[in-house]
Amino acid sequence: MLTTIIIIVALALLFDFINGFHDTANAIATSISTRALSPRVAVFFAAILNFIGAVFSSEVAKTVGGKVANPATIDNGVYIVIAALLSAIIWNLLTWYYGIPSSSSHTLIGSLAGAVIAGAGVGALNWSGFKEIVLILVLSPIIAFATGFVVMWIIRKLILASGNQSRSKMNRTFKSFQVLSAGLLSFSHGGNDAQKAMGIIVFGLVALGYQDNLDVPMWVKVAAATAMGLGTSIGGWRIIKTMSKKLLKIEPINGFASDLNSSIVIQISTHLGMPLSTTHVISSSIIGTGSVMRFHDVKWGTVTRMVLTWVITIPISIVLAFIIYKILFALVA
């Protein structure tokens, strides 16, 4: 039993580590693109604040650990967790390799659902909880796009009202603001994303009988926060390139606006204990703010490919986890 929990924790931390470098671009692509921060400083900055954010709360972890299925009563809980983590790791690595900013949240939730269906049947899936999580995952980028558009529109109106028409002076000012907004976004990212790995570890602990509730032990928080921080310190340069160059030309003003808007959306979701896709939220914020500045400069072909990836991630993860579970169970049975 001890060996099993070690395997689960190791896989969860590996997922969190990959999540760190896979989603690094979320928090720092805009500040790197505008040269508000150098790449090395930005990655180090994000790693520190990702770690701090990850140990700040645990409500999202409880949601991930208990809303998709009940780990205390589910059959084959151990194999379900292992299959879900393997599936999520594989999809994350594939999308990272091709530089596609897909959602680690989508793949983890989809993988967990697919593994539950494979290991315990459709009836074991908590459909109300699963649909609630998926609804947040779907709505959050739409909300982020809309609020990003509004935030950028307000900032632009305030600048015009102030009579400051100098674009170069405006960009220098907002470069300084971007350092603060990038830090806030990194903190927010760690507070939501790292908790998903914590939730999976807690799922495994409950399934194995090590604890009877969904509270997150401090050692789990520290371990997950460390794994994400280390992953972030490596940097996801392939995805940073997509986020900072292939969506649209980012200027300090809309870089600051998108970081600020993303932080607000993520913080509200974290406070409510709901996991969302930080990738989707930040990408949508960038597109929303950029649409105010130069609508025709948004590279809608890249946006379309990203949206397609977002749409297919959960179904593919469900199928992949289902197959992995069946193979895994056949090998150990």
Side-chain angles (χ1 to χ4, degrees), residues 23-50 53 99 101 141 143-190 232 235-267 278-300 302-303 306:
D23 288 0
T24 299
N26 296 345
I28 59 177
T30 58
S31 57
I32 291 174
S33 177
T34 61
R35 299 182 181 177
L37 292 169
S38 69
R40 290 185 182 277
V41 171
V43 170
F44 181 74
F45 189 45
I48 298 291
L49 287 165
N50 260 322
I143 293 170
F145 175 86
T147 55
F149 190 96
V150 171
V151 167
M152 186 67 252
W153 184 85
I154 292 172
I155 291 175
R156 192 178 186 187
K157 286 294 182 182
L158 289 173
I159 291 171
L160 291 174
S162 70
N164 183 4
Q165 301 292 327
S166 172
R167 199 174 195 88
S168 60
K169 183 178 179 181
M170 180 181 67
N171 280 334
R172 284 197 300 272
T173 300
F174 277 94
K175 266 189 181 182
S176 300
F177 290 164
Q178 268 197 285
V179 176
L180 298 175
S181 63
L184 178 60
L185 184 52
S186 296
F187 175 84
S188 303
H189 171 262
T232 301
W237 305 113
R238 294 172 186 268
I239 295 174
I240 285 174
K241 184 178 179 181
T242 298
M243 296 281 281
S244 63
K245 295 181 179 180
K246 295 185 179 179
L247 281 177
L248 54 88
K249 179 177 172 55
I250 300 173
E251 294 186 66
I253 182 172
N254 65 295
F256 166 78
S258 62
D259 285 355
L260 178 63
N261 180 67
S262 300
S263 298
I264 293 170
V265 174
I266 294 169
Q267 285 286 358
T278 53
T279 303
H280 293 198
V281 166
I282 297 168
S283 300
S284 298
S285 291
I286 291 173
I287 298 165
T289 58
S291 296
V292 177
M293 299 292 288
R294 293 190 183 94
F295 184 85
H296 295 294
D297 284 351
V298 176
K299 297 174 182 176
W300 295 106
T302 301
V303 173
M306 286 174 57

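Computed from a predicted model, the values in this text were never measured in an experiment.
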Taking atom [atom1] of [X] and atom [atom2] of [Y], what is their separation to the nearest 0.5 Å?
X      : Y      : atom1 : atom2 : result
Ser31  : Leu180 : OG    : CG    : 11.5 Å
Phe145 : Ile286 : CZ    : CD1   : 12.5 Å
Leu185 : Ile264 : CG    : CD1   : 11.0 Å
Asp259 : Ser181 : CG    : OG    : 4.0 Å
Ile154 : Ile159 : CD1   : CD1   : 12.0 Å
Ile143 : Ser285 : CD1   : OG    : 11.0 Å

### Query
How far apart are the closest heavy atoms of Phe256 and Gln178, and which atoms are they?
N-CG, 3.7 Å

#### Entry: Shortest non-hydrogen contact from Thr289 toward Ala257
CG2-CB, 3.8 Å

Is the shortest side-chain heavy-atom distance between [X] and [Y] below 4.5 Å?
X      : Y      : value
Val292 : Asn254 : no
Val179 : Leu37  : yes
Ile253 : Met152 : yes

### Query
Counting only N and O atoms by type, is there a donor-acceptor contact under 3.5 Å from the side chain of Asn261 to the main-chain atoms of Ala144?
yes

### Message
Has Ser258 got a side-chain atom pairing as donor or acceptor with Gly255's backbone, closer than 3.5 angstrom?
### Response
yes

